[in-house]
Number of protein chains: 2
Amino acid sequence: MSGTSRIGEVMALDRLVHEPARLLILAVLANAREVEFGFLEQVSGLSKGNLSSHMSKLEAGGLVEVKKSFRGKRPLTELRITAAGRKALADYRQRLAAVMQELPEAPTPRK
Amino acid sequence: MSGTSRIGEVMALDRLVHEPARLLILAVLANAREVEFGFLEQVSGLSKGNLSSHMSKLEAGGLVEVKKSFRGKRPLTELRITAAGRKALADYRQRLAAVMQELPEAPTPRK
DNA sequence: CAAATAAGTTTGCAGTGCAAACTAGTCTAT
DNA sequence: ATAGACTAGTTTGCACTGCAAACTTATTTG
């Protein structure tokens with residue numbers, strides 16, 4: 001029962017997490033203790049500008065923490081996912097799993 | 001191998017499909033031969049206006065076909081997913097599956 | 001006839017993502 | 001020493017988008 005009861009799950013996706021660029025960032029952060037801005041720039045392929053603004057949004061939403069310091073004389077920005085961030089990601093993953101159940105596996109579900 | 005080789009998959013998600021409202025619409029369409037506007041409005045919880053505009057975008061993108069007719073004297077709009085729509089949805093599903101592999105199952109992957 | 005309902009479409013606006021421009025400081029070469 | 005390039009980001013500007021509200025056109029009901 002209830003193929004249709006979960007049919008609205010998809011609408012409850014957290015938009016802050018749902019955005020591909022941010023999802024990517026969170027996925028990387030979730031798998032490391034702490035990550036440098038530059039590293040994230042490399043692996044994500046995002047421009048610095050883009051990365052910076054997504055970072056700010058994630059920070060504003062409390063999903064990541066940003067730590068600014070210096071390495072030698074150069075500025076260094078490091079990101080870390082917060083507990084809330086992990087929770088948001090876990091929730092998102094869960095809903096996503098529910099969504100995938102709605103999507104037909106096969107190209108065409110003959111009716 | 002290559003947990004990192006798929007790390008960019010998330011960026012290749014089709015935005016036309018990625019939008020929750022449209023994903024919902026496509027998911028419904030994929031599981032029926034043809035669906036009425038009104039029915040979609042009910043199950044999606046979207047307003048007519050919203051539904052109409054998403055429908056237009058999906059149509060413009062060639063993912064759905066819209067057939068207009070009359071039932072008795074009232075206009076009747078029916079939607080059907082196209083072959084391209086099924087393909088887009090299948091591709092999306094596949095990428096989504098790849099994405100989910102990046103997301104940690106457990107709340108916290110202790111490092 | 002007037003008002004309500006049906007079935008959508010169009011409009012207006014607030015919010016967003018992205019690229020390009022900008023900032024601030026450091027390093028290098030002359 | 002200072003002009004120019006590089007590093008490490010941030011801010012700005014704009015085009016696009018999703019959503020709610022207003023509008024349209026026709027039908028049914030009181």
Side-chain angles (χ1 to χ4, degrees), chain A residues 8 10-29 34-61 63-80 88 92 99, chain B residues 8 10-29 34-61 63-80 88 92 99:
Chain A
V10 70
M11 299 304 290
L13 291 168
D14 180 349
R15 307 296 279 231
L16 188 56
V17 178
H18 190 60
E19 170 62 27
R22 285 188 298 258
L23 184 52
L24 175 47
I25 292 171
L26 288 174
V28 173
L29 293 188
E34 196 165 39
V35 167
E36 297 180 13
F37 186 100
F39 175 76
L40 216 41
E41 188 190 352
Q42 299 299 319
V43 310
S44 70
L46 293 167
S47 69
K48 291 175 195 303
N50 247 322
L51 178 51
S52 176
S53 77
H54 285 303
M55 181 183 87
S56 294
K57 280 181 192 188
L58 289 170
E59 188 183 18
L63 306 196
V64 314
E65 265 177 19
V66 178
K67 192 181 66 173
K68 281 168 186 301
S69 59
F70 287 84
R71 172 157 52 201
K73 310 192 161 177
R74 313 297 194 69
L76 174 64
T77 300
E78 284 161 304
L79 313 193
R80 186 189 299 226
Y92 182 78
V99 167
Chain B
V10 69
M11 298 306 288
L13 290 168
D14 180 349
R15 309 295 280 234
L16 188 56
V17 178
H18 191 60
E19 170 63 29
R22 285 190 298 259
L23 185 52
L24 175 48
I25 292 171
L26 288 174
V28 173
L29 292 189
E34 197 165 37
V35 168
E36 297 180 13
F37 187 100
F39 176 75
L40 218 39
E41 189 190 352
Q42 299 299 318
V43 311
S44 70
L46 293 167
S47 69
K48 291 177 196 302
N50 246 323
L51 179 51
S52 176
S53 76
H54 285 303
M55 182 183 83
S56 295
K57 280 179 194 191
L58 289 170
E59 189 184 16
L63 305 196
V64 314
E65 265 177 19
V66 178
K67 191 181 68 172
K68 282 168 185 299
S69 60
F70 286 86
R71 173 158 50 201
K73 312 191 159 177
R74 312 297 195 72
L76 175 62
T77 300
E78 285 161 304
L79 313 193
R80 187 188 297 224
Y92 182 78
V99 167

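All chains are named by letter (A, B, ...) in the order of the sequence lines, taking the proteins before the strands, and each is independently numbered beginning at 1. Predicted, not measured: the structure shown is a model, and the values here were computed from it.
Residue Lys68(A) has a polar side-chain atom (N or O) positioned under 4.0 Å from OP1 or OP2 of dT10(D). Put simply, Arg22(B) has a side-chain N or O that comes within less than 4.0 Å of OP1 or OP2 on dG18(D). Between Thr77(B) and dG8(C), a side-chain N or O to OP1/OP2 separation shorter than 4.0 Å is present. Side-chain N/O atoms of Lys48(B) include none lying less than 4.0 angstrom from OP1 or OP2 on dT10(C). His54(B) has no side-chain polar atom (N or O) that falls below the 4.0 Å cut-off from OP1 or OP2 of dT17(D). Side-chain N/O atoms of Ser52(A) include none lying less than 4.0 angstrom from OP1 or OP2 on dG9(D). Between Asn50(B) and the phosphate of dC19(D), there is a side-chain N or O to OP1/OP2 separation shorter than 4.0 Å.
Atom CZ in Arg74(A) sits about 17 Å away from atom P in dA5(D), given to the nearest Å. Spacing between atom CG of Leu46(A) and atom P of dC18(C) amounts to 7 Å, rounded to whole angstrom units. Per the geometry, NZ belonging to Lys57(A) stands 13 Å off P belonging to dT11(D), to the nearest Å. With rounding to whole Å, Gln42(B) atom CD is found 12 Å from dA6(C) atom C1'. Atom pair Ile25(A):CD1 and dG9(D):P shows a separation of 14 Å (rounding to whole Å applied). Rounded to a whole Å, the CG atom of Leu51(B) is 15 Å from the C1' atom of dT10(C). Remark: P of dG8(C) and NZ of Lys67(B) are 13 Å apart, rounded to the nearest angstrom. dA24(C) atom C1' lies 15 Å from atom NZ of Lys73(A), rounded to whole Å.
Counting non-hydrogen atoms under 4.0 angstrom, Arg71(A) reaches nothing in the nucleic acid. Nucleic acid contact for Leu76(B): sugar-phosphate only, since backbone atoms but no base atoms lie under 4.0 Å from a heavy atom of the residue. As judged by a 4.0 angstrom heavy-atom cut-off over every strand, Glu19(A) is placed among residues touching the sugar-phosphate backbone only.
Each of Asp14(B), Leu16(B), Leu63(B) was compared with Arg22(B) under the side chain to side chain contact (heavy atoms under 4.5 Å, CB included) criterion, and only Leu16(B) meets it.
Between Glu78(B) and Arg15(B), it is Glu78(B) whose nearest contact on DNA chain C lies nearer the 5' terminus. Residue-to-nucleotide proximity on DNA chain D shows that, of Phe37(A) and Met11(A), the 5′-proximal contact is made by Phe37(A).
For the pair Ile25(B)/Val35(B), no side-chain contact is recorded, criterion being any heavy-atom separation below 4.5 Å from C-beta on.
Here CD of Glu41(B) is found 11.0 Å from OG1 of Thr77(B). Values are rounded to the nearest 0.5 Å.
Not a single donor-acceptor pair under 3.5 Å links the side chain of Ser52(A) to the backbone N or O of Lys48(A). In this structure, the side chain of His18(B) engages the main chain of His18(A) through a donor-acceptor pair within 3.5 Å.
Of all heavy-atom pairs between Val64(B) and Met55(B), the closest is CG2-O, 4.2 Å.
For Ala21(B), taking side-chain heavy atoms from C-beta onward, the closest of the listed nucleotides dG9(D), dT9(C), dC19(D) is dC19(D).
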